[in-house]
Amino acid sequence: MVRLRDENRADRRYALGRDEALCLLGGVRLGRIVFTRHALPTVRPVHHVLDGGDIVIRVHEGAALASAARQDELVVAYEADVIDPDTHLGWSVVVTGYAHLVTDTAELARIRRLLAPWAPRQGRDYAVRIRPGLVTGVRLGAPDGILRDD
């Protein structure tokens, strides 16, 4: 089997349903969170875990997201994807929802066991829980088969 160099590029997009999108999101650890800082969009790479249908990330004390998540109902977007750089095949999922800082000590201790910090630092660390509202996703497909016998 040989990959077709020009014919294997993704040229079809397939919308993902909510459940499939969340399932794909649960299969990866790295994503990007988008939130507002000083009235401008801010993007940070983070890793996550799905917990009871929510996305949970850890942040360090002093992080812009930790400060922003102290507000009630902070609107965020979370994006993760797996896309092959050569074939452009894969998927992308975007979740928009409300984020809040986890303050319950028992819950925070449980999250600490589930998810190591992205970049360990001195000082206190926190967790941010994102409750998905809008979940969208796309699978990038290829025309009738991407492999050919030669």
Practice task
Could you grab the distance from atom CG of D54 to atom CD1 of I111, nearest 0.5 Å is fine?
Solution key: 9.0 Å
Problem - Straight-line distance of I130 CD1 to Y98 OH, nearest 0.5 Å - result: 13.5 Å
Exercise for the section: Treat each ILVMFWY residue as a node, draw an edge where side-chain heavy atoms are under 4.5 Å apart, and state whether V135 and V94 are in one component. Expected result: no
Practice task
For residues A80 and G31, report the shortest heavy-atom separation together with the two atoms involved.
Solution key: CB-CA, 4.1 Å
Handout entry: With R139, the side chain to side chain contact (heavy atoms under 4.5 Å, CB included) member among E20, R13, R12
Key = E20
Practice task
Decide whether V76 and V43 are clustered together by the hydrophobic rule: side chain heavy atoms of Ile, Leu, Val, Met, Phe, Trp, Tyr closer than 4.5 Å, transitively.
Solution key: no
Problem - Whether over 12 other heavy atoms sit under 6.0 Å from R32 CZ - result: yes
Fill in the blank from the handout: d(D81 CG, W91 CH2) to nearest 0.5 Å is 6.5 Å
Completion exercise
d(T36 OG1, L74 CG) to nearest 0.5 Å is 7.0 Å
Handout entry: Nearest-0.5 Å distance, CG of residue D86 to CG of residue L89
Key = 10.0 Å
Exercise for the section: Examine V28 and L16 and state if one hydrophobic cluster contains both, with Ile, Leu, Val, Met, Phe, Trp and Tyr joined whenever side-chain heavy atoms are less than 4.5 Å apart. Expected result: yes
Handout entry: Any L25 side-chain heavy atom under 4.5 Å of L50 side chain
Key = yes
Exercise for the section: Under the side chain to side chain contact (heavy atoms under 4.5 Å, CB included) rule, what do T42 and I33 come out as? Steps first, then yes or no, please. Expected result: CA-CA 8 Å; T42 302; I33 188 160; over 6 Å; no
Handout entry: Validation row: L108, T103 side chains within 4.5 angstrom (heavy atoms)
Key = no
Handout entry: Path from I57 to V75 over hydrophobic side-chain contacts below 4.5 Å
Key = no
Practice task
Ignoring hydrogens and angles, tell me if any N or O in the side chain of R58 forms a donor-acceptor pair with the backbone of L115 under 3.5 Å.
Solution key: yes
Practice task
Please check if V34 and V128 belong to a single hydrophobic cluster, counting links between Ile, Leu, Val, Met, Phe, Trp and Tyr side chain heavy atoms closer than 4.5 Å.
Solution key: no
Problem - Considering all heavy atoms, the nearest Y78-H48 contact - result: OH-ND1, 2.7 Å
Handout entry: Nearest-0.5 Å distance that lies between atom CG in D51 and atom CD in E107
Key = 7.0 Å
